[in-house]
Amino acid sequence: MCGIVAYAGEKQATSILVDALKRLEYRGYDSSGLAVLTDKGLEVYKTEGQITNLETKLPKIESSCGIGHTRWATQGAPTTINAHPHVSGNIAVVHNGIIENYQELYDELKSEGYKFVSETDTEVLAHLAHMYYKGDLVDAVIKGLKKVRGTYAAAFICGDSKQVVAARKDSPLIVGIGKGENFLASDVTALLKYTRDIVYMHDLEIASMTSDKIDFFDFDGNPVQEHTESIEWNVETAEKSGYPHFMIKEIHEQATSVHDTMMGRISELTGEVMLGEIKLSNEDIMKLDRIEIIACGTSYNAGLLGKYLFEALAGIHADVDISSEFRYANPVLCESTLLVAISQSGETADTIAATKEAKTYNCRTLAITNVVGTTLSREVESIIYTRAGHEIGVAATKTFTSQLIVLYLLAIHFARINKRLDVDRSKRLLVQMKQLPGIIQQILNNKELIKKQAVRFSKARDYFFLGRSLNYPIALEGALKLKEISYIHAEGYAAGELKHGPLALISKDTPVVALATRASTYDKMLNNIKEVKARGAPVMAIACADDTEIQKYVDAVIRVPVTDELLYPVLSSVVLQLLAYYSAEDLGCPIDKPRNLAKSVTVE
Ligand code: AGP
């Protein structure tokens, strides 16, 4: 995930910027850079890879004001050219976020004569500020950003004065107040060594920072009063934004990550999904007669929901295979098959090998991944990035819900082209999708209820998760999450399979989580709940907020807000992540690094 730092003071800016950037390394990055003001004016240094590469490149320079950045690529490869800062004339900018109307601004700036050198959306910010700069950087930044749709935390400097101007919208940015020096960062961790007096900037706020002064403005240029807070956190707590584990931090980030995944890809006004990154024409899509999904672990569970969506919405037959099985099977693929490889890391050895195997059949290939520039991305024709941000906890959480979102988008896109989804239904679905971030936040606000249930059953030896149709993949994912981090044995089952064996294991000692949100199979699910209740199992249901029936049959209900029937899997996933997290926490497990597991499985 990208990191921003900035400094204005009397000390050597380059060493402070490099040191502060190193404190953001834990967030993950693929390149870094800085821009400083020297006697010669604006000087910019950037490199791919480690911050030590940047250090090696830096000459001895005298400077007391500058901005720095660690980039985690989301648009454009992780190269030196794409690294920040981006420059236009004597203005430089570093940026975290996504510019939604990039293409529109790019075209406009091009017609004004601006030349683009990188593949990033950030470059438009530098040119916009340059276009409006008439000696007042605050004014130029405000005018430029007023044209931008999207998210940003951005810091600008101009060769004319020792001043940093920063702005934020939906991406964190903090100001650190020192004595005769001031700081700026996207994450408090970067600043703890230098100051504990912090101002958290608000959305649509501008800060103008010099060595001895910080002023805040709104987007009309009016002064804004801000309060300084004193931070007590140590570095470890700060890295986790005050949460005890990365996993719970990442669970909480989902309102934002789901929003970022959708940003610029949905038009609820026209009912269209825009996926410019896929290299399949409408004719190509109409010719597809089969989708083959390959993935491992959590990504495989996302793939199972993908199968349901491709078939139900787009009317395209889909299969899902575990990569490690697929690579040694005898797959039947041809030019009209689309291979969809799902991998958070893009480095899972089995998924890469399975993709290579699939390519020998000349099928079309597409990857859904979270990391730019990985081995998997080099193997496929089209890539859709999930934009969930760097995930540190071994258990996949925010990357899973973002994978689900991409699968919804892809299925709706195919369904529209195949004329299987009319405009009205598509619009309704997209409107509901746009509301998911807010709904996820409501679930997160209710986490104490989920914690109570988790603690109640944390001493259980075995757990069962039941679901039908589109809830079945989520039952599998709920079980995987629980066993992975709490070491409680858990099984996910298609509820209709119970009678075919697993019912023998159900007793008063086996808690059952029943995914009973609104679906065409709801009544069948109630019957399955009755079956397990009759064997004495304590049942916890995940149900819709307006379900007045379910509480008659279960011991506890965790309710999720009402949404489109198709979207409940996203909501139930968040509930099950919290259930797993609080179970593991109650048992004192090493949640972020479960035994025997690695974040990325790069060996067979
Ligand atoms: C998820 O919690 C797991 N850590 C694991 O199942 C993971 O999803 C699997 O290893 C696949 O990884 P990938 O998405 O990076 O390919």
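Indexing begins at 1, ligand by ligand and atom by atom, following the structure's order.
- Ligand-side atoms of ligand 1 in range of Ser343: 13 (P), 14 (O), 15 (O), 16 (O), range being under 4.0 angstrom from any heavy atom.
- Looking at atom 16 (O) of ligand 1, its nearest protein heavy atom turns out to be Thr348 OG1, 2.4 Å.
- Ligand-side atoms of ligand 1 in range of Ala395: 2 (O), range being under 4.0 angstrom from any heavy atom.
- Put simply, the side chain of Arg71 never gets that close to the backbone of Asp30: no donor and acceptor are under 3.5 Å apart.
- Between Val601 and ligand 1, a contact under 3.5 Å exists for no N or O pair.
- No option in Glu448, Lys447, Gln441 other than Gln441 meets the side chain to side chain donor-acceptor pair (under 3.5 Å) test with Asn445.
- Partner Gln577 forms a side chain to side chain donor-acceptor pair (under 3.5 Å) with one of Lys481, Gln254, Lys398, Glu477 and no other, that one being Gln254.
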- Trace of the side-chain hydrogen bond (donor to acceptor under 3.5 Å, both in side chains) decision for Glu335 with Asn362: CA-CA 6 Å; Glu335 289 89 343; Asn362 287 328; 4.7 Å; no
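- The protein heavy atom nearest to atom 11 (C) of ligand 1 is Cys296 O, 3.4 Å.
- Not a single heavy atom of Lys599 sits less than 4.0 Å from an atom of ligand 1.
- Numbered from 1 in the order shown, with element, the atoms of ligand 1 that lie under 4.0 Å from a heavy atom of Ala396 read 1 (C), 2 (O).
- Atoms of ligand 1 found under 4.0 Å from any heavy atom of Lys481 (numbered from 1 in listed order, with element): 1 (C), 2 (O).
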- Decide yes or no on side-chain hydrogen bond (donor to acceptor under 3.5 Å, both in side chains) for Asp586 and Ser583, but give the supporting numbers first. CA-CA 5 Å; Asp586 194 53; Ser583 305; over 6 Å; no
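- When each of Ile293, Leu410, Ile291, Thr355 is paired with Leu366, the side-chain contact (heavy atoms from CB on, under 4.5 Å) condition holds for Leu410 and for no other.
- Closest to atom 3 (C) of ligand 1 among all protein heavy atoms lies Glu484 OE2, 3.2 Å.
- For atom 7 (C) of ligand 1, the nearest non-hydrogen atom of the protein is Thr298 N, 4.1 Å.
- Classified by interplanar angle (parallel below 30°, tilted 30° to 60°, perpendicular above 60°), the ring pair His84/His69 is parallel.
- Residue Gln344 has at least one N or O atom closer than 3.5 Å to an N or O atom of ligand 1.
- Side-chain contact between Glu347 and Ile352 is present, with heavy atoms from C-beta onward closer than 4.5 Å.
- Here the side chain of Lys359 pairs a donor or acceptor atom with the backbone of Glu379 at under 3.5 angstrom.
- Checking only distances, Gly297 never comes within under 3.5 Å of ligand 1, N or O to N or O.
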- Between Thr369 and Thr386, does a side-chain contact (heavy atoms from CB on, under 4.5 Å) hold up when you go through it step by step? CA-CA 6 Å; Thr369 184; Thr386 44; over 6 Å; no
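- Contacts with ligand 1 closer than 4.0 Å are made by no heavy atom of Glu347, backbone or side chain.
- Ligand 1 places these atoms under 4.0 Å from at least one heavy atom of Ser299: 8 (O), 13 (P), 14 (O).
- Closest to atom 15 (O) of ligand 1, if we only count protein heavy atoms, is Ser345 OG, 2.7 Å.
- Not close to ligand 1: Thr351, with no non-hydrogen atom less than 4.0 angstrom away.
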